[in-house]
Student: 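For reference, the structure I am asking about is given below.
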Amino acid sequence: MNIAKLIKSTSTGRVRSPTRNRELSSREKIEETLVNLATVLGHNEVSYSFMQDLTHMYSVDGKNYQRGANLILDLSRELLARHIRQGGA
């Protein structure tokens with residue numbers, strides 16, 4: 001299986017800002033992504049708490065709390081590993 005590559009675009013045109021999902025805050029987008037990934041992976045619960053500076057911290061199934069972007073990365077790696085183990089192309 002080939003892993004997708006992140007490459008710099010060769011486009012010389014202007015990049016326009018998308019209009020989809022503008023009604024959602026950054027936090028809402030992170031939380032929806034966390035719930036979607038956790039659901040696909042068979043986890044039962046995503047919980048959140050706050051640090052002293054009111055930063056949202058998230059946990060899946062009661063494991064260590066971490067920032068949303070870090071947990072998304074962990075869950076996406078878990079999903080990729082499962083996909084590879086199952087012979088995904």
Side-chain angles (χ1 to χ4, degrees):
M1 172 182 185
N2 292 329
I3 303 295
K5 295 178 183 174
L6 179 63
I7 61 169
K8 184 178 184 295
S9 173
T10 57
S11 172
T12 57
R14 297 183 70 179
V15 177
R16 295 173 34 127
S17 177
T19 57
R20 291 184 11 218
N21 300 316
R22 279 193 170 167
E23 71 281 0
L24 299 174
S25 69
S26 293
R27 181 185 51 78
E28 290 170 317
K29 291 173 190 175
I30 286 171
E31 290 177 354
E32 184 173 334
T33 302
L34 286 169
V35 168
N36 291 346
L37 284 167
T39 300
V40 167
L41 290 163
H43 296 289
N44 295 316
E45 182 177 87
V46 177
S47 56
Y48 68 92
S49 189
F50 301 100
M51 293 178 58
Q52 286 182 339
D53 66 356
L54 298 181
T55 299
H56 282 71
M57 300 295 282
Y58 299 92
S59 171
V60 173
D61 292 340
K63 296 179 182 164
N64 294 334
Y65 279 87
Q66 53 185 321
R67 293 179 186 270
N70 291 335
L71 187 52
I72 288 170
L73 180 58
D74 283 352
L75 292 173
S76 70
R77 287 174 174 169
E78 182 182 340
L79 183 59
L80 179 60
R82 181 179 294 181
H83 183 70
I84 291 169
R85 278 193 312 272
Q86 293 175 351

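Predicted model only: the values in this text are computed from it and were never measured.
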Student: Could you check if a side-chain atom of Asn36 sits within less than 4.5 angstrom of a side-chain atom of Val40, using non-hydrogen atoms only?
Tutor: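 The answer is no; the side chains never approach within 4.5 Å.
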Student: Find the distance between CD (Glu78) and CG (Leu71) and round it off to the nearest 0.5 Å.
Tutor: 9.5 Å
Student: Is the number of heavy atoms from other residues, nucleotides or ligands within 6.0 Å of CZ (Arg82) greater than 12?
Tutor: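 Enclosed: over 12 neighbouring heavy atoms sit under 6.0 Å from CZ of Arg82.
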Student: Can you tell me if Gln52 has over 12 outside heavy atoms packed within less than 6.0 Å of its CD?
Tutor: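 12 or below, so no.
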Student: Nearest 0.5 Å, what's the CG-CG distance between Asp74 and Leu79?
Tutor: 12.5 Å
Student: Can you tell me how far apart OG (Ser76) and NE2 (His83) are? Round to the nearest 0.5 Å.
Tutor: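 Between atom OG of Ser76 and atom NE2 of His83 there are 13.0 Å.
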Student: Which heavy-atom pair separates Ser9 from Ser11 by the least distance, and what is that distance?
Tutor: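 Closest pair (atom of Ser9, atom of Ser11, distance): OG-N, 3.0 Å.
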Student: Drop me the distance from Leu75's CG to His43's NE2, to the nearest 0.5 angstrom.
Tutor: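 Here the rounded value is 5.5 Å.
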Student: Is it true that, when you exclude Lys29 itself, more than 12 heavy atoms of the residues, nucleotides or ligands shown sit nearer than 6.0 Å to its NZ?
Tutor: yes
Student: If you measure from OG1 on Thr33 to CD on Glu28, what distance do you get to the nearest 0.5 Å?
Tutor: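 The CD atom of Glu28 is 11.5 Å from OG1 of Thr33, to the nearest 0.5 Å.
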Student: Answer yes if Tyr58 and Leu41 sit in the same cluster of Ile, Leu, Val, Met, Phe, Trp and Tyr residues linked by side chain heavy atoms under 4.5 Å apart, and no otherwise.
Tutor: yes
Student: Which atom pair, heavy atoms only, marks the closest approach of Val46 to Ala38?
Tutor: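 Heavy atoms of Val46 and Ala38 come nearest at CG2-CB, 3.6 Å.
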Student: State the CE-CG distance between Met57 and Asn70, to the nearest 0.5 angstrom.
Tutor: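 If we round to the nearest 0.5 Å, Met57:CE and Asn70:CG are 8.0 Å apart.
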Student: Assigning hydrophobic clusters by single linkage (Ile, Leu, Val, Met, Phe, Trp, Tyr; side-chain heavy-atom cutoff under 4.5 Å), is Ile3 placed with Ile72?
Tutor: no
Student: More than 12 heavy atoms of other residues, nucleotides or ligands under 6.0 Å from CD of Glu32: is that the case?
Tutor: no
Student: Give a yes or no on whether Tyr48 atom OH has more than 12 heavy-atom contacts from other residues, nucleotides or ligands under 6.0 Å away.
Tutor: no
